[in-house]
Number of protein chains: 2
Amino acid sequence: MQKASNGTRAGNLPEDQTGRKGSRTVSRQVLADHVYEELLASLMDGRLEPGAAVSIDGTARDLDVSPTPVREALARLEHTGMVRRVALKGYRVAPVFTREDFADLMEARLAIEPVNARLACARLNPHRLAELEQTLTELKSAPRGPSFAEYKDYLEADERFHQLIAQQTDNQFLVGAYAALGGQVQRFRLFGGVGITDAENAIAEHQSVLDALSSGDPEQAEAAMAAHIQKVRERAMADAPEE
Amino acid sequence: MQKASNGTRAGNLPEDQTGRKGSRTVSRQVLADHVYEELLASLMDGRLEPGAAVSIDGTARDLDVSPTPVREALARLEHTGMVRRVALKGYRVAPVFTREDFADLMEARLAIEPVNARLACARLNPHRLAELEQTLTELKSAPRGPSFAEYKDYLEADERFHQLIAQQTDNQFLVGAYAALGGQVQRFRLFGGVGITDAENAIAEHQSVLDALSSGDPEQAEAAMAAHIQKVRERAMADAPEE
DNA sequence: CATGTTCAGATCCTATAGGGACGCCTCCAG
DNA sequence: CTGGAGGCGTCCCTATAGGATCTGAACATG
């Protein structure tokens, strides 16, 4: 994909962009941000499979930018663990999760997310509660077909639910800690990982968390979240005993 | 960029570097890594004060490299929260901590570090225990003078103690989560922050953590670490009730 | 047929050039 | 003396060029 003529692009970039290239660098700024978003979306959508090479020059050609912003975007992405730099061989998408990786990830989530739920409970307000309820409604109504595209909405709602709780702690460090984990969780969900086996139970667990939050009982919220994550781990481990 | 004579530099870069520039780009690779390390050291040492601007071109001149690797290093650094990008005005060192920031940071540490201690306890081995004991010895013997340079070793040993415990969980995600926090802790220690008030108590608390670890009681290790962090918070809050 | 060598392509990494915007200082007019 | 305008310098941001290395295939040889 090399965008043919010039000036007119496929339209990947938001409205604030214009035709750089050529002569007038009109748009200015944050081109690297768009590259970052684009790469992140590709990773999340599964367009870039684990282990695949991410060429700097190639990506620059695809997105019709110079290698410099691509390099900057990849440097940021590397810090999240989504891609790895192999020395002087370029970047690669991080390899698939092993069983041990998954266990570690769940261990880390168990350390952080129940605390998030407890703190979020203390700092909840009607607006935030409404956001959570809205997300849970989306989770319930999302289609859950067999193919990836059919439960994409479900996974996104699931991720958003946990992310909202992290944000509602009003603690930038906990938000950051969860964000680092959440990206991995999301990536794991998409690949070899846990599908939506037993979605009904998962929804019920989310409902329990939300009930505890709305009832204003921090301890119960913490316990409900811990129980949910443990159940997620159990289901995933039972599903994929392979390897 | 003219960097005086040439070839002879202040000597910032490790031995593996050579005189690129000129004609032969001999060294090759990872130049951005050295820039990253250099900037990180400057931040930790306090050479770069909070709020100070970090010019891309200026840093490139100082380190005698081109702006490209500096840009890449700063992009990575931004993701850690040590520096912030202000849109199109360049990078700045993150501002000093407020009381609320400190409280948030301790809240996050309380969520993660006691769990780390518990898990590290289960996965401890003689070699690792020896490392911890060594670090604690260094902590006890480190000079604790009034000026920064005089308790730098103390702070480094303190940081290393906590970092070792995180690493001993054998969980990459927990290591990453602590690393993100630990950098902030270290930075906070150096600035407005908590000095070494009541170092004797702090040392005793570290000793308690180590005792619990060596005794093989995970619950006690978790409790000791939680108690330590709470005490750190109390001392810092009592010290700087200002603002 | 197997193996070592060579060559070409692709890629990474760094350096340099150029365009545009902001901030500061100086100078001039009221 | 004070306020505004203009020039200058600095900086960020992107694009392009060039050197060095690695990978893969084609080819020659035992």
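By convention in this document, chain letters (A, B, ...) are assigned in the order of the sequence lines, proteins followed by strands, and residues within each chain are numbered from 1.
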query: Rounded to the Å, how far apart are B:D33 CG and C:dC13 P?
result: 10 Å

field: Presence of A:R71 side-chain N/O under 4.0 Å of C:dC13 phosphate oxygens OP1/OP2
entry: yes

message: Quick one about B:D101 and B:Q184 (side-chain donor to acceptor, distance below 3.5 Å, no hydrogens or angles considered), yes or no?
response: no

query: Between D:dC13, C:dC12, C:dT16, which nucleotide gets closest to the side-chain atoms of A:D57?
result: C:dC12

field: N or O in side chain of A:S55 less than 4.0 angstrom from C:dC12 OP1/OP2
entry: yes

- prompt: Donor-acceptor pair, A:D153 side chain versus A:A142 backbone, under 3.5 Å?
  reply: no

task: Compare side-chain N and O positions of B:S66 against OP1 and OP2 of C:dA15 and report whether any pair is under 4.0 Å apart.
output: yes

task: Measure from NE2 on B:H34 to P on C:dT14 and round the result to the nearest Å.
output: 10 Å

message: Pair A:R128, A:L164 - check side chain to side chain contact (heavy atoms under 4.5 Å, CB included), show working.
response: CA-CA 8 Å; A:R128 293 173 157 182; A:L164 277 173; over 6 Å; no

query: Rounded to the nearest Å, what distance is computed from the CD1 atom of residue A:I56 to the P atom of nucleotide D:dA20?
result: 19 Å

task: May I ask you to verify if any side-chain N or O of A:R61 is less than 4.0 angstrom from the OP1 or OP2 atom of C:dT11?
output: yes

Value in whole Å for how far the P atom of C:dA15 lies from CG of B:L63: 11 Å

field: Donor-acceptor under 3.5 Å (A:R92 side chain, A:G51 main chain)
entry: yes

- prompt: Roughly how many Å is it from CD in B:E72 to P in D:dC12, rounded to a whole number?
  reply: 17 Å

task: Let me know the distance between CD of A:E78 and P of C:dC12, rounded to the nearest Å.
output: 14 Å

- prompt: Does a side-chain N or O from A:T68 land closer than 4.0 Å to OP1 or OP2 of D:dC13, or not?
  reply: no

message: Does C:dG23 have OP1 or OP2 under 4.0 Å away from a side-chain N or O of B:K89?
response: yes

